[in-house]
Amino acid sequence: MCSYVDATLEEFLAWSCDRGVNHAGPFTHYDNSKFWAYADYKYLASVFEDNTDVLQNVVWSDFGFPGRNGRESTLWIGSLGANTPCHLDCYGCNLVFQVQGRSSPLVLPSSIGPHLFIGVTYLGPHHYWKRWHLFPPQDTAFLYPTRIPYEESSVFSKVNVVNPDLKHFPQFLKAQRHMVTLYPGQVLFVPRHWWHYVESIDPITVSINSWIELEEDHQARVEEAITRMIVCALKGAEDPTDTKAWLNPTEVEGTSHEINCQYLNGAISAYLEHSKVAETLTPTEFKINGKHRVKSPLKKRKLDVCTRSKEKKSPNCTLATVTAKPEEKIPFGLDLIPVSPSLQDESSERGIDESDIKDVVKESGGREGNLNCAREQLVMNQAEMPLADNVVSDSTTCPSQPFISTDDLLDCLVDPKVIHLVAQLLLQKRT
């Protein structure tokens, strides 16, 4: 829910820092005490197409990715309060380098521009958080995943993780939160399918990221193609002229069923081609940057809302990190600082009301003596969590609502577990 402004970097800096604001400029109607602005998905290869030497200054080789530079990187610029909703990325893992934050001076080449396209969103009363909030993949059920609004390769959480509504989302209490503040000069490694919510807490924040492709992405593209086909078919049938009701602003248009079919068949063909090549290679030849990596099919283009020519995610690297599974082999150095689960009083950190926790405990038949247990309970075994648990949780809070919407149906049909199973069945039919 945002407006788009065509602004120069200079105009953005003047507005966000309150210095010599030009009231006739693009931010005239946006009080920076009530609104935040964010320039996202700015691919460096496009931003610096007239000054490609800059791309060589982004070096990911220290993290085990020689040859990867600004051409495979994305620029993000935000003002105080700018945030991304809690989500996970369907493809790859993520490396995020913090360039500007806190009190460091902003240093960007004068050639950046001339214009950035910045989303402006109403701030409203809330706290400014200083950390990344991250949750492991096994907490997915506790984060109430949804694909509405739809954005390619992004699964959103229904929960406002900094101020959760525990009456509607009681399972969120079981989520295991990791929090970290990223300072200039640090790089954060976000493993595959880790949920993350990020908020800027300084007047100007600048970061550069890169998405690292993984072998699992071949099946993930098939799963994403299935999801897109189902979402577009059901939501498009409601009102073909009103895609704003279900598309994230970064997805500027819905795609036809014919195009989605072509994309699905292309993803399946690429997966099968990759599988054939994989059978002829030894496991050691499947390093992330190995020469034998099969070129993955192009992702669907994430069109820039203004230029309509922008490509989606690329790879990235980091220094402060989230703990990966013990068996995972991280392809870069040992100078990694694991981010452990938060040990603070999370009820105050998260903005959780004690009365909400007590209500949840009482509704589950427990006593107030179970309060701490409810707050501190760790992730339960996935086998103990029925697939329909999210639906049960929501329905018990709203027993008087008989109407089932398209979104309710989609939450079940395109649940990550369901889509994963459908993709496996589909690939088995083809083989």
Item to complete: Determine the interplanar angle of the Tyr30 and Phe27 rings, folded into 0 to 90°, and report it as parallel if under 30°, tilted if 30 to 60°, perpendicular if over 60°.
Response: perpendicular
Practice prompt. Report the distance from atom OG of Ser46 to atom CZ of Phe48, rounding to the nearest 0.5 Å.
Written response: 11.0 Å
Fill in: Any side-chain heavy-atom pair of Trp132 and Val190 under 4.5 Å
yes
Worksheet item: Do Phe12 and Val5 touch side chain to side chain, with heavy atoms closer than 4.5 Å?
Response: no
Worksheet item: What residues form a salt bridge (charged side-chain N to carboxylate O under 4.0 Å, His left out) with Asp407, not counting sequence neighbours?
Response: Lys235
Worksheet item: Between the side chains of Ser16 and Ser79, does any donor sit under 3.5 Å from an acceptor?
Response: no
Discussion item. Would you say that Cys17 contacts Ile204 through its side chain, given a criterion of any heavy-atom pair below 4.5 Å between the two side chains?
Written reply: yes
Worksheet item: What is the minimum heavy-atom distance between Ala37 and Ala82, and which atoms define it?
Response: O-CB, 3.8 Å
Discussion item. Please check this pair: side chain of Glu251 against backbone of Glu152, looking for a donor-acceptor N/O pair closer than 3.5 Å.
Written reply: yes
Discussion item. With a 4.5 Å cut-off on side-chain heavy atoms, are Leu264 and Ile268 touching?
Written reply: yes
Worksheet item: Going through the checks in order, is the side-chain contact (heavy atoms from CB on, under 4.5 Å) test met by His257 and Cys232?
Response: CA-CA 7 Å; His257 188 69; Cys232 287; over 6 Å; no
Worksheet entry | Candidates Phe142, Trp195, Phe135 - the one meeting ring-ring contact (aromatic ring centres under 6.0 Å, His included) with Phe172 | Phe135
Discussion item. If you define the side chain from C-beta out and look only at heavy atoms, does anything of Cys90 sit under 4.5 Å from Val155?
Written reply: yes
Worksheet item: Given the rule in the side-chain contact (heavy atoms from CB on, under 4.5 Å) test, do Leu234 and Leu413 qualify, once you have shown the distances and angles that lead to the verdict?
Response: CA-CA 11 Å; Leu234 288 180; Leu413 290 178; 3.9 Å; yes
Worksheet item: Are the side chain of Asn248 and the backbone of Thr250 linked by a donor-acceptor contact shorter than 3.5 Å?
Response: no
Discussion item. Testing the basics here: between Leu214 and Cys93, what is the closest heavy-atom pair and its distance to 0.1 Å?
Written reply: CD1-N, 3.8 Å
Worksheet item: Do any N or O atoms from the side chain of Asp408 and from the backbone of Ser405 form a donor-acceptor pair under 3.5 angstrom?
Response: yes
Discussion item. Students often mix this up, so state it plainly: with edges at 30° and 60°, are the rings of Trp60 and Phe63 parallel, tilted or perpendicular?
Written reply: tilted
Worksheet item: So, His87 versus His196: side-chain donor-acceptor pair below 3.5 Å or not?
Response: yes
Fill in: Separation of Thr74 OG1 from Leu44 CG (nearest 0.5 Å)
6.5 Å
Practice prompt. Compare every heavy atom of Gly25 with every heavy atom of Thr28, then report the nearest pair and how far apart it is.
Written response: OG1-O, 2.5 Å
Item to complete: Provide the closest heavy-atom pair for Ala267 versus Val222 in the form atom of the first, atom of the second, distance.
Response: O-CG2, 3.6 Å
Item to complete: With rounding to the nearest 0.5 Å, note down the distance linking CD in Glu151 to OH in Tyr41.
Response: 4.0 Å
Worksheet item: Under 4.5 Å between any side-chain heavy atoms of Tyr150 and Arg147, yes or no?
Response: yes
Practice prompt. Could you tell me whether the side chains of Ser153 and Glu224 share a donor-acceptor contact shorter than 3.5 Å?
Written response: no
Practice prompt. Quick one: closest heavy-atom pair of Pro145 and Pro416, and the distance?
Written response: CG-CD, 4.2 Å
Worksheet entry | Pairwise distance NZ(Lys158) to CD1(Ile148) - rounded to 0.5 angstrom | 10.0 Å
Worksheet item: Using the ring of each side chain (for Trp, its six-membered ring), is Trp194 parallel, tilted or perpendicular to His178, with breaks at 30° and 60°?
Response: perpendicular
Worksheet item: Backbone N or O of Val58 within a donor-acceptor pair of the Gln56 side chain at under 3.5 Å?
Response: no
Worksheet item: Does Asp217 have any salt bridge (charged side-chain N to carboxylate O under 4.0 Å, His left out) partners at least two apart in sequence or in another chain, and if so, which?
Response: none
Worksheet item: Can you name the one residue among Arg221, Glu223, Glu215 that meets side chain to side chain donor-acceptor pair (under 3.5 Å) with Gln219?
Response: Glu223
Worksheet entry | Arg228 side-chain N/O to Tyr263 backbone N/O, donor-acceptor pair under 3.5 Å | no
Worksheet item: Can you check side-chain contact (heavy atoms from CB on, under 4.5 Å) on Leu410 and Ile230, steps first, answer last?
Response: CA-CA 8 Å; Leu410 280 171; Ile230 295 173; 3.8 Å; yes
Discussion item. Could you report the tightest heavy-atom contact between Ser207 and Val96, atom names first, then the distance?
Written reply: CB-CG1, 4.2 Å
Worksheet item: Once you round to the nearest 0.5 Å, how far does CD of Gln171 lie from CG of Leu166?
Response: 11.0 Å
Practice prompt. Taking the side chain as every heavy atom from C-beta outward, state whether Thr140 and Leu88 have any pair of such atoms under 4.5 Å apart.
Written response: yes
Discussion item. Just verifying a value: how many Å separate Thr84 OG1 and Phe156 CZ, rounded to the nearest 0.5 Å?
Written reply: 9.0 Å
Worksheet entry | Side-chain donor or acceptor of Asp89 paired with backbone N/O of Tyr91 under 3.5 Å | no
Worksheet item: Does the pair Asn260 and Thr255 meet the rule for a side chain to side chain donor-acceptor pair (under 3.5 Å), with working shown?
Response: CA-CA 7 Å; Asn260 290 333; Thr255 44; 2.7 Å; yes
Worksheet item: Any sub-3.5 Å donor-acceptor pair from Asp202's side-chain atoms to Ser200's backbone N or O?
Response: no
Item to complete: Starting from the C-alpha separation in whole Å, work towards a yes-or-no answer on side-chain contact (heavy atoms from CB on, under 4.5 Å) for Leu9 and Leu13.
Response: CA-CA 6 Å; Leu9 181 60; Leu13 292 174; 4.2 Å; yes
